[in-house]
Amino acid sequence: MDCSCDRFFSQTDCDIGWDSSRDRFYFGYDLCMLVAANSESDLPVFPLLNPASKHDSHGFLET
């Protein structure tokens, strides 16, 4: 946590978000997956990859 290393983040659209289950901030993306339930394979129907700061409820409005 107290690293003073030079860091290079090449992905300009990801940012910092809050992980409430771990009670800490993180840098990156948030992946939500809509899945076909009650089927033989439960395959993903629609993957949703958003920046970490975007709340899930706003991402589902885009679907």
Side-chain angles (χ1 to χ4, degrees):
M1 296 183 100
D2 296 327
C3 179
S4 62
C5 304
D6 292 332
R7 295 183 179 166
F8 177 72
F9 300 108
S10 61
Q11 296 164 323
T12 58
D13 59 341
C14 60
D15 54 7
I16 296 174
W18 177 254
D19 186 355
S20 59
S21 63
R22 293 185 176 98
D23 202 30
R24 64 176 48 184
F25 289 99
Y26 69 99
F27 183 84
Y29 294 102
D30 187 25
L31 175 66
C32 294
M33 194 76 72
L34 298 177
V35 178
N38 296 329
S39 64
E40 294 179 10
S41 59
D42 291 338
L43 292 174
V45 176
F46 188 78
L48 186 62
L49 188 65
N50 287 322
S53 63
K54 187 175 227 177
H55 193 267
D56 294 340
S57 63
H58 297 282
F60 284 122
L61 289 175
E62 294 176 0
T63 62

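Values in this document were obtained by computation on a predicted structure and should not be read as measured data. Nothing fancy with the numbering, it's 1 onward along the sequence.
- Transitive grouping of hydrophobic side chains (ILVMFWY, heavy atoms separated by less than 4.5 Å) brings Val35 and Leu31 into a common cluster.
- Tyr29 meets the side-chain hydrogen bond (donor to acceptor under 3.5 Å, both in side chains) test with Asp13; sequence neighbours excluded.
- Across every non-hydrogen atom of Ile16 and Ala52, the tightest pair is C-CB, 4.0 Å.
- For the residue pair Gly28 and Cys14, the shortest heavy atom distance occurs at O-CB, 3.2 Å.
- Atoms CG and CZ, on Asp19 and Phe25 in that order, are 11.0 Å from each other to the nearest 0.5 Å.
- Both Met33 and Leu49 sit in one connected hydrophobic cluster of ILVMFWY residues. Membership requires side-chain heavy atoms under 4.5 Å apart, directly or through other members.
- No side-chain donor-acceptor contact under 3.5 Å links Asp30 to the backbone of Ser53.
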